[in-house]
Amino acid sequence: MPDNKFIIADINESEGIAWLTLNRPEKKNALSIALLNELAGILRSLADNDKIRCIVTSGAGGTYSSGRDLYDMRGQENRRRTRGIGGVAEIVDIMRKLPQATIAKVGGWCLGGGLALINGHDIVIGADTAMFGMPEVIPGRYGATATPTLFHAGIPFKKAFFISLTGRNLSGVEAERIGLISQVVPEKELDSYVETLVKEMASRNGATLENAKI
């Protein structure tokens, strides 16, 4: 796999796990087009790797993602969408079709496009101190990608509207309570908990995991 600038990819075929880290810590892992293209390319390559049974995403620097890179988006708004530049929605679509189990490990901020991204995963483990939200409504924007994923995630409508219409953030504990994430753990235990969980899942038969997702 070629070297990437914005995604740290640790592909461990012997354990059956691909660890993917969003790597723009100086920008709170804001989702630029370049980062999303790298992530899409890696995910597509992993789809055909039957040695990998679990894919884990996380963010460098203590934050999962602050959402779409607004500066980057301004440079794209007058251009037609081209093949391979489908934004976060493309990543969500790819992840939902992957044969592998997908797990998001969320610490720190998970906002806007980052929230949409985790809604494309099968399992989300969050730190109790993590913060989840959609701030788009505050400056007068609409979360065109994040909002639909809230409803696809299956959380109650009233909770989904609360997130999208108020712009207020939920803690990891609150996010777990409404079903936005799978499980919440103390921040200091997040890394070890996810590592144990993923290794346990990756020990299972790949075909079983794939068919369970179907």
Side-chain angles (χ1 to χ4, degrees), residues 8 10 17-23 25 28-31 39 53-68 88 91-92 95-96 98 100-138 143 145-204 209 212-213:
I8 299 173
D10 179 8
I17 305 170
W19 303 89
L20 307 181
T21 305
L22 311 182
N23 190 35
K28 301 295 183 185
N29 300 317
L31 304 173
L39 182 56
R53 295 176 292 282
C54 293
I55 299 173
V56 186
T57 69
S58 62
T63 283
Y64 187 82
S65 175
S66 58
R68 282 301 309 271
V88 180
I91 304 295
V92 171
M95 297 198 78
R96 286 178 175 160
L98 287 170
Q100 294 93 349
T102 56
I103 302 95
K105 181 179 73 172
V106 182
W109 298 97
C110 181
L111 305 176
L115 190 65
L117 188 60
I118 68 167
N119 284 337
H121 290 66
D122 302 316
I123 293 175
V124 182
I125 308 299
D128 54 354
T129 55
M131 298 299 290
F132 301 82
M134 284 180 54
E136 287 88 345
V137 70
I138 297 173
T145 298
T147 298
T149 69
L150 283 177
F151 295 98
H152 291 157
I155 66 175
F157 274 27
K158 294 296 189 292
K159 298 296 186 181
F161 279 122
F162 182 86
I163 294 169
S164 65
L165 297 180
T166 68
R168 293 184 178 183
N169 298 323
L170 303 181
S171 69
V173 173
E174 293 170 317
E176 192 269 346
R177 185 180 300 142
I178 67 170
L180 184 62
I181 67 176
S182 309
Q183 198 160 16
V184 61
V185 298
E187 179 184 9
K188 64 182 180 180
E189 298 175 13
L190 180 62
D191 289 344
S192 60
Y193 182 88
V194 171
E195 182 175 359
T196 299
L197 174 67
V198 174
K199 287 183 176 179
E200 177 184 322
M201 292 176 60
S203 69
R204 309 267 161 71
L209 292 175
K213 286 186 62 169

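Note: hydrogens, waters and symmetry copies are ignored here, and every other heavy atom, side chains too, is used. All of these numbers come straight from a predicted model, not from anything done at the bench.
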Does Lys188 NZ have over 12 foreign heavy atoms under 6.0 Å away?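 Incorrect, the count does not exceed 12.
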
Hey, is CZ on Arg168 packed in by over 12 heavy atoms from elsewhere, all under 6.0 Å?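 It does not: Arg168 CZ has 12 such atoms or fewer within range.
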
Could you give the distance from [atom1] ([X]) to [atom2] ([Y]), rounded to the nearest 0.5 Å?
{"X": "Ser164", "Y": "Glu136", "atom1": "OG", "atom2": "CD", "result": "9.5 Å"}
{"X": "Thr21", "Y": "Asp10", "atom1": "OG1", "atom2": "CG", "result": "8.0 Å"}
{"X": "Thr145", "Y": "Arg68", "atom1": "OG1", "atom2": "CZ", "result": "8.0 Å"}
{"X": "Thr196", "Y": "Glu189", "atom1": "OG1", "atom2": "CD", "result": "10.5 Å"}
{"X": "Ser66", "Y": "Leu31", "atom1": "OG", "atom2": "CG", "result": "7.0 Å"}
{"X": "Ile178", "Y": "Leu170", "atom1": "CD1", "atom2": "CG", "result": "5.0 Å"}

Does any part of the side chain of [Y], heavy atoms only, come nearer than 4.5 Å to the side chain of [X], both counted from C-beta?
{"X": "Ser192", "Y": "Glu195", "result": "no"}
{"X": "Met201", "Y": "Ile123", "result": "yes"}
{"X": "Leu150", "Y": "Met134", "result": "yes"}
{"X": "Ile181", "Y": "Val106", "result": "no"}
{"X": "Ile125", "Y": "Leu190", "result": "yes"}
{"X": "Leu209", "Y": "Gln100", "result": "no"}
{"X": "Met95", "Y": "Asp122", "result": "no"}
{"X": "Leu117", "Y": "Tyr64", "result": "yes"}

Please report the shortest heavy-atom distance between [X] and [Y], naming the atom on each side.
{"X": "Ala202", "Y": "Ile17", "answer": "CB-CG1, 3.6 Å"}
{"X": "Ala116", "Y": "Ala146", "answer": "CB-CA, 3.7 Å"}
{"X": "Ala160", "Y": "Phe151", "answer": "CB-CE2, 3.7 Å"}
{"X": "Ile118", "Y": "Val124", "answer": "O-CG2, 3.5 Å"}
{"X": "Ala60", "Y": "Asn29", "answer": "O-ND2, 2.8 Å"}
{"X": "Pro25", "Y": "Gly61", "answer": "CB-CA, 4.2 Å"}

After noting the C-alpha distance and the side-chain angles of His121 and Ile103, does the key distance pass the side-chain contact (heavy atoms from CB on, under 4.5 Å) rule? CA-CA 6 Å; His121 290 66; Ile103 302 95; 5.6 Å; no

Check the pair Asn169 / Trp109 against side-chain contact (heavy atoms from CB on, under 4.5 Å), numbers first and verdict last. CA-CA 9 Å; Asn169 298 323; Trp109 298 97; 3.4 Å; yes

Report the residue from Val198, Asp191, Leu197 that forms a side chain to side chain contact (heavy atoms under 4.5 Å, CB included) with Val194. Val198

Given the rule in the side-chain contact (heavy atoms from CB on, under 4.5 Å) test, do His152 and Asn119 qualify, once you have shown the distances and angles that lead to the verdict? CA-CA 8 Å; His152 291 157; Asn119 284 337; over 6 Å; no

What's the verdict on side-chain contact (heavy atoms from CB on, under 4.5 Å) for Leu98 and Lys213, showing C-alpha distance, side-chain angles and the deciding distance? CA-CA 9 Å; Leu98 287 170; Lys213 286 186 62 169; 4.2 Å; yes

Please check: side-chain N/O of Thr63 versus main-chain N/O of Ser65, any donor-acceptor pairing under 3.5 Å? no

